[in-house]
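Before any comments, here is the structure.
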Amino acid sequence: VSMQQYKFFDKQFLAHTELMFKKFPSCLKIAFIDNREKGKEADADNVHPSQKRRYFSCLIDRSCKLGDDGRRLPIFRVELPGFPILGDGKGDNQNH
């Protein structure tokens, strides 16, 4: 399942996500987009100067540990080449 806005979920949405993990404990995996400030190492990593953040495609499942904010910590985290444009004429789940 793709929940691209998982990083921005409030407590209610996080609770609903946890219910889904309880209902489908062995088969549910969730992909989402994460971001962070590009940081000091951006020049060494050839991040474009006008890009303000780094973006990542992340994967979580029920076995992932919970972070301090109630979100699960990703199993996999792959850096994307830039800002992922979401929802332009397609269902959001087709873009991730």
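All figures in this text were calculated on a predicted structure; none of them were measured in a lab. Numbering starts at 1 and runs along the sequence shown.
Under the 4.5 Å side-chain contact rule for hydrophobic residues, Met20 and Ile60 share a cluster. When the side chains of ILVMFWY residues are joined at heavy-atom separations under 4.5 Å, either directly or via intervening members, Met3 and Ile75 end up in two distinct hydrophobic clusters.
In this view, Phe24 and Cys27, Leu28 satisfy the side chain to side chain contact (heavy atoms under 4.5 Å, CB included) rule, not counting sequence neighbours. Legend: residues meeting ring-ring contact (aromatic ring centres under 6.0 Å, His included) with Phe21, ordered by chain and number and at least two apart, are absent. For Phe13, the ring-ring contact (aromatic ring centres under 6.0 Å, His included) partners are Phe9, not counting sequence neighbours.
If you take CG on Leu59 and OG on Ser57, they are separated by 8.0 Å, rounding to the nearest 0.5 Å. To the nearest 0.5 angstrom, Phe8 atom CZ is 10.5 Å from Phe32 atom CZ. In this structure, Arg53 CZ and Glu37 CD are separated by 5.0 Å, a value rounded to the nearest 0.5 Å.
You'll find the side chain of Val78 stays beyond 4.5 Å of the side chain of Phe56, heavy atoms only.
Across all non-hydrogen atoms, the minimal contact from Lys22 to Pro25 is O-CD, 3.4 Å. Contact between Pro74 and Cys58 at its shortest, heavy atoms only, is CB-CB, 3.9 Å. Among all heavy-atom pairs drawn from Ile33 and Pro84, the shortest one is CG2-CG, 3.9 Å.
Ring geometry, Phe83 versus Tyr55: the interplanar angle exceeds 60°, so the pair is classed perpendicular (tilted spans 30 to 60°).
Pairs of residues two or more places apart, or lying in two chains, that qualify as side chain to side chain donor-acceptor pair (under 3.5 Å) and include a residue from residues 61-75 are Glu18-Arg72, Lys29-Asp61, Asp61-Ser63, Asp69-Arg71. Evaluation of the salt bridge (charged side-chain N to carboxylate O under 4.0 Å, His left out) test over residues 2-16, restricted to residues two or more places apart or in two chains, returns Lys7-Asp34.
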